[in-house]
> 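Sharing a structure with you now.
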Number of protein chains: 2
Amino acid sequence: MNTQLKILDAAQNLFAEAGFNDTSLRQITTKAEVNLASVNYHFGSKKELIQAVLQRYLQVLMPRLDHEFDQLLAKTQPHSLPDILAVFVKPLLELNHVQRKGTRTFLQLLGRGYTDVQGHLRWFINHHYGQTLDKFVLLVQQSCPHLPASVLFWRLHFSLGSIVFTMASNDALAEIALADFNESVDIEGVIARLIPYLAAAIAAPVLTNVMPTGVTQTVA
Amino acid sequence: MNTQLKILDAAQNLFAEAGFNDTSLRQITTKAEVNLASVNYHFGSKKELIQAVLQRYLQVLMPRLDHEFDQLLAKTQPHSLPDILAVFVKPLLELNHVQRKGTRTFLQLLGRGYTDVQGHLRWFINHHYGQTLDKFVLLVQQSCPHLPASVLFWRLHFSLGSIVFTMASNDALAEIALADFNESVDIEGVIARLIPYLAAAIAAPVLTNVMPTGVTQTVA
DNA sequence: ACCTGTTTGAAATGTACGTTTGAATCACTG
DNA sequence: CAGTGATTCAAACGTACATTTCAAACAGGT
């Protein structure tokens, strides 16, 4: 079997479980049963290995998302927020065809990427797939014309937080859910639970006075 | 000035900015202008220093939250979700009296703690302050009797994700908001934006069919 | 001023990391 | 089958880390 693939497969799983910084090249090459030096030989550095791991998923996912957004933009608008969010489901779940447990792994990696190395992944995705993300934002804007752009900005990032945090700690949460409610929830279950939550959250009315009395409010 | 305090102050700021794993004792002791060995002398280990940093805030915050929850539980119920969530605001902002920029620092630390070292902080808080959290969950349950306990569980964790992720990347987000919308948002501004978002999200109706056709849904 | 326990200091220890090196091995072509 | 470029391998390198050590400095009480 190809050394590069062995490394990528071992790396993605370890990265997803423990994060990028807490996974050493020695752990990766041991699990992959390849020589330590082969990472630097094939990928150049650990940083580039991380990028390669993420790119393997992003280059499949993002074009499909782009296509879905285009289809939605071609139809008469506005679309409902749950409909727009549901667009993510199929491309995400198709990652399971790319790799076993691909959806779960990718979302965990996304969570790690956004929290482990501050700002790096955000910049990377924005730089490479900014146009696709813009289409999504446009759809949401058309769906929620009552929301100022800045409110939408914050709410979309709150939503990103729900997603990546949930995915980063997905295993722990699934364990608790199993223990406390005897309920086994897989990645599709989590997504199905997220969508109505996020749809309601993003479209929430903008309250003007949520702060308790005595607290000066400084929102522009 | 007290060495312990110098260490705690330097550590909390570096931890909040870069995370626990990416902050070395050498950085901390250099910034605190104390000897490297003093961390182990005063706190025993880096792990215990992390706990001490978090405890300094938690031991102030949690009893106050507990008291607020008791007051709400003593009144006639149910309370509205924004009211329940607003209970967090005053105790959180009072952390600014404990330390300069205390609220911001604490919330960033919370974000780091939940994402950096998987599961550790969750266990710690549950173990030490589980009773207080139970009171909060009870209030939310009474406010949303239509929501099954397991749905509430997931939604509260989604919410936790929004909060800690936002706080962990608060600086980056604030920068973008300033650049894109010429809008400077401080920690109070973020909280004010979070509350209506979370209130709507947690209370969202439970949709039964959000998944696209062809996707088998496995929610219990 | 002297003892005593506490705190600080500079230096060293041992471990783990990412990366580099150069020889050995492989895979393929002429 | 000789030769050549790609790949693998064991070993080493340099760096950074948390932690330990032990002597020096300090503080307060008698």
Side-chain angles (χ1 to χ4, degrees), chain A residues 1-56 108-109 112-113 115-121 123-124 168, chain B residues 1-56 108-109 112-113 115-121 123-124 168:
Chain A
M1 192 201 186
N2 193 327
T3 299
Q4 292 201 40
L5 282 179
K6 285 202 282 189
I7 293 173
L8 283 174
D9 289 344
Q12 70 168 2
N13 292 320
L14 290 170
F15 283 153
E17 282 167 28
F20 299 109
N21 292 337
D22 289 355
T23 302
S24 70
L25 295 187
R26 284 169 172 82
Q27 289 176 263
I28 293 169
T29 52
T30 300
K31 181 166 180 176
E33 295 179 302
V34 301
N35 189 271
L36 171 60
S38 53
V39 170
N40 289 284
Y41 176 75
H42 285 287
F43 297 95
S45 67
K46 183 178 180 180
K47 195 170 192 169
E48 287 166 283
L49 171 62
I50 294 173
Q51 285 191 354
V53 165
L54 286 168
Q55 266 291 49
R56 189 156 61 142
Q108 288 185 340
L109 290 171
R112 298 294 180 186
T115 54
D116 267 26
V117 255
Q118 229 308 57
H120 251 140
L121 182 59
W123 180 91
F124 185 85
Chain B
M1 192 202 188
N2 193 329
T3 300
Q4 290 202 42
L5 283 179
K6 284 202 283 189
I7 294 173
L8 282 175
D9 288 345
Q12 70 167 3
N13 292 321
L14 290 171
F15 284 153
E17 281 166 28
F20 299 107
N21 293 337
D22 289 354
T23 303
S24 70
L25 295 187
R26 284 170 171 80
Q27 291 174 265
I28 294 169
T29 52
T30 300
K31 180 166 182 177
E33 296 180 302
V34 300
N35 189 270
L36 171 60
S38 54
V39 170
N40 289 287
Y41 176 75
H42 284 287
F43 297 96
S45 67
K46 183 178 180 180
K47 196 171 193 172
E48 288 165 283
L49 171 62
I50 294 173
Q51 286 191 355
V53 166
L54 287 168
Q55 266 291 49
R56 189 157 61 142
Q108 288 184 342
L109 289 171
R112 298 294 181 185
T115 52
D116 267 26
V117 253
Q118 229 307 54
H120 252 139
L121 182 59
W123 180 91
F124 185 84

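All of these numbers come straight from a predicted model, not from anything done at the bench. Each chain gets a letter, A, B and so on, in the order its sequence line appears, and its residues count up from 1.
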> With a 4.5 Å limit on heavy-atom distance, are the side chains of Gln55(B) and Phe124(B) in contact?
yes
> Would you say Leu109(B) and Arg56(B) make side-chain contact, with heavy atoms under 4.5 Å?
no
> Would you grab the first and last nucleotide of DNA chain C (5' to 3') that comes under 4.0 Å of any non-hydrogen atom in chain B?
dT6(C) to dA10(C)
> For residues Leu49(B) and Asn40(B), determine if any side-chain heavy atom of one lies less than 4.5 Å from a side-chain heavy atom of the other.
no
> How many angstroms lie between CG in Leu25(B) and CD1 in Ile7(B), if you round to the nearest 0.5 Å?
9.0 Å
> Do Asp9(B) and Met1(B) have side-chain heavy atoms sitting under 4.5 Å apart?
yes
> Donor-acceptor pairs under 3.5 angstrom involving side-chain atoms of residues 30-39 of chain A: please list them, not counting sequence neighbours.
unit_1   : atom_1 : unit_2   : atom_2 : d
Thr30(A) : OG1    : Arg26(A) : O      : 2.6
Asn35(A) : OD1    : Ala37(A) : N      : 2.9
Ser38(A) : OG     : Asn35(A) : O      : 2.4

> In B/S/- notation, 5' to 3', how is nucleotides 13-28 of chain D contacted by protein heavy atoms closer than 4.0 Å?
----BBBBB-------
> State, yes or no, whether a side-chain contact exists between Phe15(B) and Leu54(B) at a heavy-atom distance under 4.5 Å.
no
> Quick check on dC9(D): is either OP1 or OP2 less than 4.0 Å from any side-chain nitrogen or oxygen of Ser38(A)?
no
> Counting C-beta onward and ignoring hydrogens, is there a side-chain heavy-atom pair between Phe43(B) and Gln4(B) closer than 4.5 Å?
yes
